[in-house]
Structures are given as C-alpha cells and as structure tokens.
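Numbers here simply count residues along the sequence, with the first being 1.
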Amino acid sequence: MAIRLQLPQSETRLVIMLIVLFLLSRLPLLGYMPLVKDEAIYAMMIEEQADHPTLMPTFLGYPVSWKPPLFFWAYSLVPALPLPLEAGYRVPSLILSLITIPILFRTLRNMGASKPLSFLTLLIFTFSLPSVNPSVSLLTDALNFFFIASSLWLYTEPKFGPWRFILAGMLSFAAFFTKLVIAFMVPVLAFAYFYLNDRRTVKTLPFLISLIFVPAAYLANMALLSSAGMKADIYSSAVEAATPFWQIETQLRVFTGSATIFMIGAGIWFALSILGLMKHWKREKFMACWYAMIIFPLITGTFMVWYYLPVMPAVAYFAALILIRWDGGDKTDLFFMLFFSVALMLSISMIAYEYKTVYDLYGDEKEAGLILAGKENVAIVGIYAPTIVATKALTELRASGSILDFGWVVVPRRMDGEVVRTFTGDYWSDKYPLSQGTQDGFFADLFRKDTNITKFDYVVVTGDFAFSPPGSALIYNKSNITIYRVG
C-alpha cells in the first residue's frame with residue numbers, strides 16, 4: 001500500500017502549522033545579524049522620525065529621497081522593546097511577515113488552489129531566502145509586501161462586495177509610499193486576474209477607480225519631491241541607472257549578481273518552478289503572469305535577495321505544482337515526501353550558509369561600533385561602513401537617550417589612500433570636492449557629515465589604507481577597520 005502524507009482538513013490547522021514553522025525558522029535569526037548596510041541607515045532614520053516626523057525622511061538631519069516616509073513613520077511608532085538592539089528594530093518586520101502568511105493562504109484558496117497546494121506553496125515560500133531575509137531584517141519589504149498581499153487578497157475575496165476594490169486600491173497606494181514603483185504590480189495583477197476569470201468586473205466603476213490609486217501615488221510622490229526642491233523624476237532616474245540596457249557589460253554584471261543571490265536562497269525551488277511553469281502555465285495563466293514579474297528583480301536587484309519577495313509566492317506555487325500535481329490531482333506519496341524533505345534541507349542549508357557568510361563580513365563592523373559607543377570626539381573616515389556608525393549611535397541612544405556628535409567622511413573605493421590621509425589629518429580640508437549633505441536626496445560619492453567637533457580623540461579608518469594618523473595609538477585592527485587614539 002502506498003504511503004501518503006495526510007494533511008489536516010481544517011484550513012485553520014494548516015495556517016497554524018505554517019505560523020509555527022514560520023516562527024521556528026525566524027526567531028533564531030532575528031538578532032543574529034548586525035544592522036547591515038540599509039538596515040543601519042534605516043534604523044537611524046526611524047529614530048529621527050520618532051523624534052521629529054517630517055514629510056521627507058531625513059538621515060543625520062539631511063532630507064533624503066530614496067524611500068518615501070510611510071515605512072519610517074510606521075516603524076517609529078513601535079515602542080522600544082527589551083530585546084537586543086538589532087532584534088528590537090526588526091520585530092515589526094517579523095510581525096508583518098507573519099500576518100502575511102494567512103493572507104497569502106486565503107488568496108491562493110480564493111484563486112482556486114487546493115488546501116494541500118496552498119499549504120505546500122507557503123511552506124516552500126517560508127523556507128526560501130527571499131522570504132526569510134526581509135522578515136528578519138529592517139527593510140521596507142515586509143511592510144510593502146504586507147500591503148501588496150492584502151490588496152491582492154481583497155481583489156480576490158468576493159464576499160466583501162464590489163466596493164472592496166476601493167480599499168484594495170488604498171492598500172496599493174500605501175504600498176507605493178513604502179517602496180515606490182513595485183506597487184504597480186498590484187493593478188497589473190488585479191487586471192490580469194479579472195480579465196482571465198471575470199471580464200465583467202473589469203468594466204465596473206469601483207474596480208476601474210481602484211486601478212488609479214498607484215498612478216495617483218506616483219504623481220503625489222513627484223509633487224512631494226518637487227515641493228522639497230528635488231527632482232520630481234528622481235526615482236525614474238534611479239531605475240534607469242539600475243537598468244543600463246545600453247551598457248551590456250554592466251547589465252550582465254547586474255543580472256549575474258541578481259541571479260547568483262537568488263540561486264543561493266531559492267535555487268532548488270526556482271529549478272522546480274521552471275519545470276512547473278513549463279508544464280502548467282496554460283492552466284495557471286494568472287500565476288504565470290505573476291511569475292513573469294521575476295524579470296524586474298533580475299535586472300535591478302544586484303545581490304539583493306529581498307527584491308524577489310513579491311514574486312516568490314508565484315515561484316513557490318509552480319515548484320509546489322510540479323511536486324504534487326500528477327494525473328490531474330494532488331499526490332503526496334512517499335516519493336514526494338522524500339524528495340521534498342531533501343529539497344527543504346538543501347534550502348535551509350543554503351540560508352544558513354548565506355547568513356554565516358554575511359555575518360563574517362559585518363560582524364567586525366558591529367564590534368568596532370560597540371567599542372566606539374560612549375566615546376566622544378570620534379571621526380570615521382574611509383569606505384562606506386554604516387554598521388559602525390549605527391551601532392555606535394544607537395547604542396548611545398539606548399543607554400542615555402541621546403547620540404554623541406561624531407565626524408564621518410565617506411570615500412569611494414575607487415579613490416586612493418591619499419584622500420583618507422587628507423581627511424584624517426584635516427577633517428575640514430577643502431582639497432577635494434565633496435557633499436556636505438545630499439544632492440537631490442541622494443548622498444554623493446564623497447560625503448562629509450557636519451559636526452561641531454574641532455579636535456578628534458579617536459580616528460577610525462575603514463578600508464585597506466596602510467597608514468596611521470601621526471601621534472596615534474592603535475587600539476583596534478580587524479577586517480580593514482582600524483581605530484586609533486590620537487594624542
């Protein structure tokens with residue numbers, strides 16, 4: 001007799017199982033990593049919004065335009081929790097991602113997926129790096145995808161009547177003001193869903209109104225940028241810069257980086273999804289439309305696996321289809337269980353490998369930041385290392401309620417050590433052209449933070465620059481991070 005996997009018949013039990021597995025896979029990672037790259041900047045921006053909300057988010061007091069304000073406002077409302085520094089800032093992402101799981105389950109069921117298929121899809125989704133990373137990171141993606149998933153659920157939920165489309169549109173508006181143009185996937189998918197399943201709905205007034213919300217958000221953001229004296233089309237410029245089709249070598253490098261990180265975190269599921277797509281796309285045209293949007297993270301998300309979060313449900317869906325759909329029905333026999341178990345372990349191993357690799361890259365930046373926390377008259381000069389800055393500043397904020405003034409000069413990697421030597425010797429040197437704030441909302445390559453400090457007691461050099469400030473004593477040296485006490 002064939003051995004089969006018997007899943008509970010209750011949808012509530014299936015969702016509870018997914019929630020438990022979600023928490024078991026996320027909680028150990030919540031505070032494991034330092035605040036890396038964007039996380040470090042976002043944490044400081046959140047604190048600035050908590051202290052003084054502004055329509056244009058700020059970093060170090062300078063207005064910045066790389067993300068709209070909604071994410072920073074929302075996360076600034078979360079009270080300080082008695083958790084490790086990093087975990088405290090990431091809890092909202094964990095909660096939002098957790099709530100998104102039952103929302104996705106209901107959406108799949110509304111679209112006609114069986115209970116086993118919906119469960120397996122979300123199980124694959126749960127154990128993939130594009131899903132794990134944003135749920136335990138301080139990034140805009142968890143909130144953004146919560147809005148996107150909620151909007152799609154409302155579009156597919158007929159029991160709420162036709163005016164639910166207005167609320168769905170409002171959620172897509174909020175999605176835009178969290179992570180900008182990725183929100184356009186909502187009206188595109190909503191139109192595709194009803195065009196393929198119920199074309200009469202496409203002509204109804206509430207539905208047509210709902211499609212306007214994202215374009216309206218785009219125009220509103222342009223007006224907001226213009227009112228702040230910034231380029232109204234700044235995001236379009238950023239997208240064009242990320243997709244230089246006319247520079248084949250550059251675009252190949254972007255594509256390679258995007259595909260590499262995706263293969264690390266979702267390789268086995270992606271391979272299976274290709275097979276599932278080839279076999280089932282004619283019967284699953286809407287999910288195929290959702291899957292097709294994978295082209296956008298592939299051409300823009302260099303080594304940024306969280307860019308794949310909005311398309312990962314479709315990837316997981318076709319991977320699940322190829323595993324359980326045989327002879328027109330769902331088959332969960334012994335072969336399925338063995339194959340799925342091996343694939344799951346491979347996925348978990350790759351996620352663990354990725355997290356260990358990233359920790360090894362940034363763990364020393366956190367250590368340096370902790371050494372500097374509480375020390376006055378600090379200057380940080382060299383390549384971009386925001387983990388040091390944020391760890392120092394936020395540790396001080398947590399301990400005393402305020403951040404000590406510090407100096408910070410960011411030097412591009414392409415420039416030689418003479419630039420670093422110049423600014424460690426004279427912080428206010430005008431030898432090189434640099435930015436004292438932001439240009440059209442973005443930081444220039446060579447950036448210097450304003451400060452009231454006239455004499456520095458500690459100088460931090462980030463990057464491979466073989467020199468030390470005159471009359472200084474070395475107190476830390478790891479991973480091209482050196483800290484000197486001066487005088």
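Ion pair Glu367/Lys478 flagged as a salt bridge, since at least one NZ, NE, NH1 or NH2 atom sits closer than 4.0 Å to an Asp/Glu carboxylate oxygen.
A parallel orientation is assigned to the rings of Tyr195 and Phe191, their planes being inclined by less than 30° (bins at 30° and 60°). Ring geometry for Tyr355 against Tyr32 counts as tilted: the plane angle lies between 30° and 60°, on a 0 to 90° scale. Using a 30° and 60° split on the angle between ring planes, Tyr291 and Phe270 fall in the parallel class, below 30°.
Remark: side-chain polar atoms of Arg90 are not paired, donor with acceptor, to backbone N or O of Ser135 under 3.5 angstrom. Here the side chain of Asn110 pairs a donor or acceptor atom with the backbone of Arg106 at under 3.5 angstrom. Remark: the backbone N or O of Ile322 is not paired with any side-chain donor or acceptor of Lys279 at under 3.5 angstrom. Of the possible donor and acceptor atoms, one in the side chain of Ser25 sits under 3.5 Å from a partner among the backbone N and O of Phe22. Within the 3.5 Å criterion, the main-chain N or O of Ala343 finds no donor-acceptor partner in the side chain of Ser347.
Counted within 6.0 Å of CE on Met111, heavy atoms from surrounding residues, nucleotides or ligands total more than 12; the atom is thus considered enclosed.
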List the atom pairs, donor and acceptor, that lie under 3.5 Å between side-chain atoms in residues 72-87 and the rest of the protein, sequence neighbours left out.
{"unit_1": "Trp73", "atom_1": "NE1", "unit_2": "Gln49", "atom_2": "OE1", "d": "3.1"}
{"unit_1": "Trp73", "atom_1": "NE1", "unit_2": "Thr54", "atom_2": "O", "d": "3.2"}
{"unit_1": "Tyr75", "atom_1": "OH", "unit_2": "Ser93", "atom_2": "N", "d": "3.4"}
{"unit_1": "Tyr75", "atom_1": "OH", "unit_2": "Ser93", "atom_2": "OG", "d": "2.8"}
{"unit_1": "Ser76", "atom_1": "OG", "unit_2": "Phe72", "atom_2": "O", "d": "3.2"}
{"unit_1": "Ser76", "atom_1": "OG", "unit_2": "Trp73", "atom_2": "O", "d": "2.7"}
{"unit_1": "Glu86", "atom_1": "OE2", "unit_2": "Lys366", "atom_2": "NZ", "d": "3.2"}

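Counting only residues at least two apart or on different chains, no ring pair (Phe, Tyr, Trp, His ring centres under 6.0 Å) pair has a member in residues 96-151.
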